[in-house]
Structures are given as C-alpha cells and as structure tokens.
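Let me begin by presenting the structure, written as structure tokens, before commenting on it.
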Amino acid sequence: MKKVATRFAPSPTGPLHIGGVRTALFNWLYSKNKKGSFYLRIEDTDKERSKDKYKEQIVKSLKWIGVENDGDEYIQSKKINDHIKVANELLKNGHAYKCYCSSDEIEEQKQRAKQKKIPYIYDRKWRNKNESEAPKDSKPTIRFKSKINGNTILKDLVQGDVQIDNNTIEDFIILRNDGSPTYNLSASVDDHLMNITHIIRGDDHKINTFKQMQIYIAMKWELPSFAHIPLIHTTEGKKLSKRDKASTLDDYSKIGIMSDALRNYLLRLGWSYKDKEIFTLNESIKYFNLEGIGKSPSKLDMSRILSMNEHYIKNIDENHLFNQLTEYCKLYKSEIKSDKKEKIKKSLPFLKNKAKTLEDIFNNGQYIMVDNVNFNQEDIKLIDDKAKKVISDFNTKFSHVNKLSKETLEPIVNELIKSNDTNFKGVGQPLRIALTGSKFGPGIYDIIISLGKDEVRKRLTNKKLS
RNA sequence: GGUCCCUUCGUCUAUCGGUUAGGACACAUGGUUUUCAUCCAUGAAAGAGGGGUUCGAUUCCCCUAGGGACCGCCA
C-alpha cells in the first residue's frame, strides 16, 4: 500500500472561509488517521488576484484550527515549467491540440448558445484542422483532446459511482495563448508530482475531476482516489462564499469562539461517528473516516457553534482557558492589567459559568478589570436612600471581616436583611450595583471575594452612591 | 437550458430490510437558585410525494416534486 498523502489547495485570492477550513480539516484528519502526510499547496497562478496577505491569512487560519501541513508549503507558481512540460508532452502524443480561435470568437459562440438556450460547449473546431490553416499572427491556446464517445465512471469515496457521458466534457484549455497553464493542468500535474493518493475536496470540483482524470489517463499516471464532500450552505441554503458574513475564522475568533470548539463543530458538520458529539483532537484523528461523511449539504448553525464553545469553556482546563482569555482580550479587547490577572484567574470558575464565549467572560469579568466602576444608567437609579443605608451598614460590618468567604459574609448579609426588614434582594442588589455597576452579575459573595477587601471598601464608599 | 448531486424533527445527525425512528443544539414546561445564568427533569418535534421489489420498507429500484453544484484563456 502506498503511503496516504492528502493536500489542501486553496488559491490566495480571498480570505479562507470556514468551508475551506473544513475541507482542510478533513484532509488533514484523513491523512493523520492513515499515518500519512498532509500538504498545503498554494495555487497562486492567477497573478492578478493572488495576494500575499491572503496566503498569510490562509496559513494563519489553518494553524489556528490546528491543521498543520507536513513539509513546506508548495507554491504552485514555482512549478509552472513542469506543467508546461506536460502540456507539450500531451501535444506531442496527440492528446492535445492547438486552437486558434480568438477569445472574441469563443465569446460570440457562448452568447449564441445562451440566446438559443442550449448549453455551450467548445465546438472542437481545431481538433482536426490542419495547422497550415492557422491564421497568421495569432497565438493558439492548447486544448486537451477529451474523449467524445463512451462514458466515464468516477468511483467517488463519498458519493459512490458517478457516471458521466464523455461528450459533456469539452476540449478544455490547458495552456492559455500566453503560454501559461490553466487550473486543471496545473492541479493534476502537481497532484501527481506530489504523490497525492486521496483528493478530498468540495463537491463543486466534480466536473474538474472528470477533466483531471483524463489528463492522468493520457499521461499513464496512476489515478488517485477522489472524495467529493458536500458543500456547506448558508442558512439560505446557498453555497457559502467569501462574501458571506461570518464566514472567516476571524469572524468567529473575534466574538470569542475558541479554536477547539470550532474545530469540533466543523468536524461534526457533515460527518458523524455514531452518537458522539465531543471529540478531542486525538479522538478526531482516531475516529475520522470517509464513510462517516454525509451526502447532503449542511447548513451553518450559529447556536450550535455557540453551545459547542460553551461546552469547551466549561470543560477545558482552567489554566488553558485563562491563557485563551488573556490572548483574546489582548487581540480583540484590551489587555488585562497585570495586577488584575490573578483576580480574574481565581474568578474563572464562576465567570465562565454564564459564558458561551470568551467575550462573555470578558464582559462578566469587566468589573474586576476596571479601576473604576462603570454604572449602568438604569441600574444606578435603583440606589435609593434605603439602598444607601444597606451599603453603608454593610461597609461598617464588613470592615471587621478579615477572611473573605461565604461563611464569613453570609452572616452579615443575613443580619442586614433582618435589621433593614427586607429580603435577600434588598441587600444583594444594592451591593451588586455598588460593586459592579449592574444589577446582573455573579453571586454577591463571589463578587466580594473576587474583588478583595480593599477594593470592596473603596467601591462601597464611592461618592456616586451617596 | 444541459450535466451531475442531494432529500430523516427548525438545525446537525443515528439507523446500514424488522426500532415505541435514537442522540445533540435550539425551543417549551417544571424544579434548584440571591439577580442573570448554570444545573436537573419532562415535553413537543422528522422519514418530500407516488409507484414498485419484499412476508416486511426510512432503508433497495423507478418516477415526480423540491433544493443544490457546475457550465471561465478563475482556481
């Protein structure tokens, strides 16, 4: 058995969206499961649209989600000569021919086909014409001589046997009239040269596969296996595109989605293993297979992403969570001041309890991170004379407490409930507003302990409360 | 329009001819609770339609309908 090799081959012409990330993930997982290799190939032969910043974004995205390529990135534009060499070989052995049609001529044919509502397919005009009839001063394109008769069966590892009439595949261009190779040529040559054994890619490539298979066959190369995975759809049911909102990884990381959670979500989108929902990285490598990939497209569902993230927030190691949080704050919010870090870390057990995202934890922990309380304009109105008395009464008794814990604080609160003839809310709410600026938030004892004695006393004597 | 693909709760899915069609998210209700949450329990919720094949079809085949992808000298 040949060693399994997969690849992910994006073109750096736009930001990588999560459909691409999932394709990369599946390729990577498959290769790791088979103890094979996974390569990253940058298909940058469209010089006009390829941008370095997109390439960097792609590399960064894959790294973020945990997909690592073996070896260096393969830069397609550096291999153009290999592609041209193959084109010439195909030309020499009769599998390709020169086409002298001008682009205007082709364009006209397409228009005509559109008007007549018949499918456009290149009319193979130059397939059998003699070179001597070629117009002068006209540079030809090189077209692949596709099969006209019979049919081809693609044994797709996800979709099963897919049969197509050969005459529906046109004589596609492999070399432009400027001599540069086109996608189908470059991709097949590279896949062959890289010894790719399994090509796992989006369903939208299926027609290309039939073209590329013909190149393989004409060159007498050993065919790789193909697996076409269903596309990810938007909630409207259309193919996800770069223009769609919330389609890049950054769109998710900036709202505080963690990479492990998104990886797990993407893994389960279109793939399943029994009833298992949560997969560690190692488990996903261990269980991933092509049989588990479904045949129908799946829609993106934000609430599932959120709940997956919530699961990870509540279950991962707290040190790890803290690191993720500090990194997140640094990147997208404001860096947590060093004197607040320890307080935040200790408070994570309850801060994370009501969070679906890192952003939620940031918001929940805001009261610890700030030096001065930001009062909610509506909530501060709840501080009436009665509340003020509760606050100052509490402060008096609190000043005698040395060790902060629920056990030492609860008696004080209970006393105040009695002496002020109120209920827990009558005490808890004013204190919460005084300490955090909002009537919503963590439990009052958690707040007090997280802030520390000095900070609590400082906040309880805030002039805005008197 | 042509070619190809798809179709189980709202969503992601399990089922590989015999199940009260299972799980998860979301939703609803109840309980716990000091606010907001968490947590726990319960509930509602699906085989697109029609033909076959079979003792028996969600499962296999065909047709219809609906949805999607592709149809570049882009990748």
Side-chain angles (χ1 to χ4, degrees), chain A residues 9-14 43-46 48-50 76 99 101-103 106-107 110 113-114 116-121 139-143 154 156 158-160 162-165 167-170 172-184 186-187 202-208 210 228 230-231 233 235 237-239 265 268-278 291-292 294-308 310-311 314 350 352-356 360 364 379 410 413 417 423-429 431-433 438-445:
Chain A
S11 62
T13 55
E43 307 212 325
D44 59 342
T45 52
D46 184 339
E48 294 284 300
R49 298 195 300 146
S50 292
Q76 188 166 60
C99 166
C101 290
S102 65
S103 33
I106 299 289
E107 201 49 47
K110 279 183 192 169
K114 210 172 193 178
K116 285 195 208 161
K117 294 206 166 193
I118 54 170
Y120 164 76
I121 182 164
K139 283 184 182 163
T141 58
I142 307 297
R143 286 183 185 267
L154 161 66
D156 193 279
V158 167
Q159 305 198 345
V162 181
Q163 196 181 95
I164 197 171
D165 278 345
N167 62 26
T168 60
I169 303 293
E170 70 166 349
F172 54 97
I173 292 174
I174 53 177
L175 239 45
R176 301 186 185 91
N177 66 185
D178 66 358
S180 64
T182 61
Y183 167 73
N184 280 302
S186 296
D203 194 22
D204 50 346
H205 276 288
K206 212 157 43 184
I207 292 293
N208 290 326
F210 284 100
H228 291 93
L231 302 175
H233 281 177
T235 38
K238 302 283 186 211
K239 174 183 170 182
Y265 171 77
R268 281 287 287 98
L269 190 65
W271 178 83
S272 62
Y273 179 77
K274 299 180 182 171
D275 274 344
K276 196 169 165 59
E277 300 281 353
I278 305 299
E291 293 75 40
K295 290 186 174 186
S296 49
S298 30
K299 286 179 190 162
L300 229 37
D301 181 359
M302 196 57 203
S303 68
R304 277 179 71 86
I305 297 177
L306 251 15
S307 83
M308 186 64 81
E310 185 179 11
H311 178 273
K314 291 187 176 141
F350 65 86
K352 74 178 183 182
N353 232 347
K354 55 184 63 183
K356 280 178 157 45
D360 290 342
N364 295 342
D379 294 350
E410 200 167 31
V413 170
I417 291 173
N423 54 15
F424 189 93
K425 193 178 174 187
V427 174
Q429 186 162 288
L431 287 178
R432 180 177 289 109
I433 294 171
S438 164
K439 64 175 176 176
F440 301 124
I444 192 64
Y445 304 124

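This one's a predicted model, so the numbers in the text were calculated from it and none came from an experiment. Below, chains carry the letters A, B, ... as their sequence lines are ordered, and counting in each starts from 1.
- One P atom belongs to B/G30, the other to B/G68, and the distance between them is 40 Å to the nearest Å.
- Within the 4.0 Å cut-off from OP1 or OP2 of B/U11, not a single side-chain nitrogen or oxygen of A/S303 is found.
- The partner of B/A69 is B/U3, by the rule that a Watson-Crick or G-U pair needs both atom distances under 3.5 Å.
- As judged by a 4.0 angstrom heavy-atom cut-off over every strand, A/G441 is placed among the base-contacting residues.
- Among the protein residues, A/E170 comes within range of no part of the nucleic acid, since none of its heavy atoms lies under 4.0 Å from any strand.
- Going from atom CE of A/M302 over to atom OG1 of A/T235 covers 12.0 Å, rounded to the nearest 0.5 Å.
- The phosphate of B/C74 has neither OP1 nor OP2 within less than 4.0 Å of any side-chain N or O from A/T45.
- Residue A/I173 is classed as a base contact, given a heavy-atom separation below 4.0 Å to a base.
- Nucleic acid contact for A/K276: none, since no nucleic acid atom lies under 4.0 Å from a heavy atom of the residue.
- Mapping A/K439 and A/G292 onto RNA chain B by nearest heavy atom places A/G292 closer to the 5' end of the strand.
- What separates NZ of A/K352 from P of B/C36 is a distance of 22 Å, to the nearest Å.
- Across B/G1 and B/G43, the matching P atoms stand 48 Å from one another, rounded to whole Å.
- Contact annotation: A/K206 does not reach the phosphate of B/U3 (side-chain N/O to OP1 or OP2, under 4.0 Å).
- Heavy atoms of A/P442 sit under 4.0 angstrom from at least one base atom.
- For A/R176 and A/S296, each mapped to the nucleotide of RNA chain B holding its nearest heavy atom, the one lying further toward the 5' end belongs to A/S296.
- If you take atom P in B/U33 and the same atom in B/U15, they sit 42 Å apart, rounded to whole Å.
- Distances shorter than 4.0 Å separate none of the side-chain N or O atoms of A/R268 from OP1 or OP2 on B/G23.
- For B/C36, the OP1/OP2 oxygens have no side-chain nitrogen or oxygen of A/R432 closer than 4.0 Å.
- Using a 4.0 Å heavy-atom distance criterion, A/G270 is classed as a sugar-phosphate-only contact.
- Taking the C1' atom of each, B/G10 and B/C5 are spaced 24 Å apart, rounded to whole Å.
- Looking at heavy-atom distances under 4.0 Å, A/H205 makes contact with a base.
- Using a 4.0 Å heavy-atom distance criterion, A/N177 is classed as a base contact.
- A/Y265 places no side-chain N or O within donor-acceptor distance of the main-chain N or O of A/S307, the cut-off being under 3.5 Å.
- As judged by a 4.0 angstrom heavy-atom cut-off over every strand, A/S103 is placed among the base-contacting residues.
- Within the nucleic acid shown, A/Q76 comes within 4.0 Å of sugar-phosphate atoms alone, with no base atom in reach, counting heavy atoms only.
- Scanning atom types as modelled, no donor and acceptor separated by under 3.5 angstrom connect the side chain of A/R49 and the base of B/A75.
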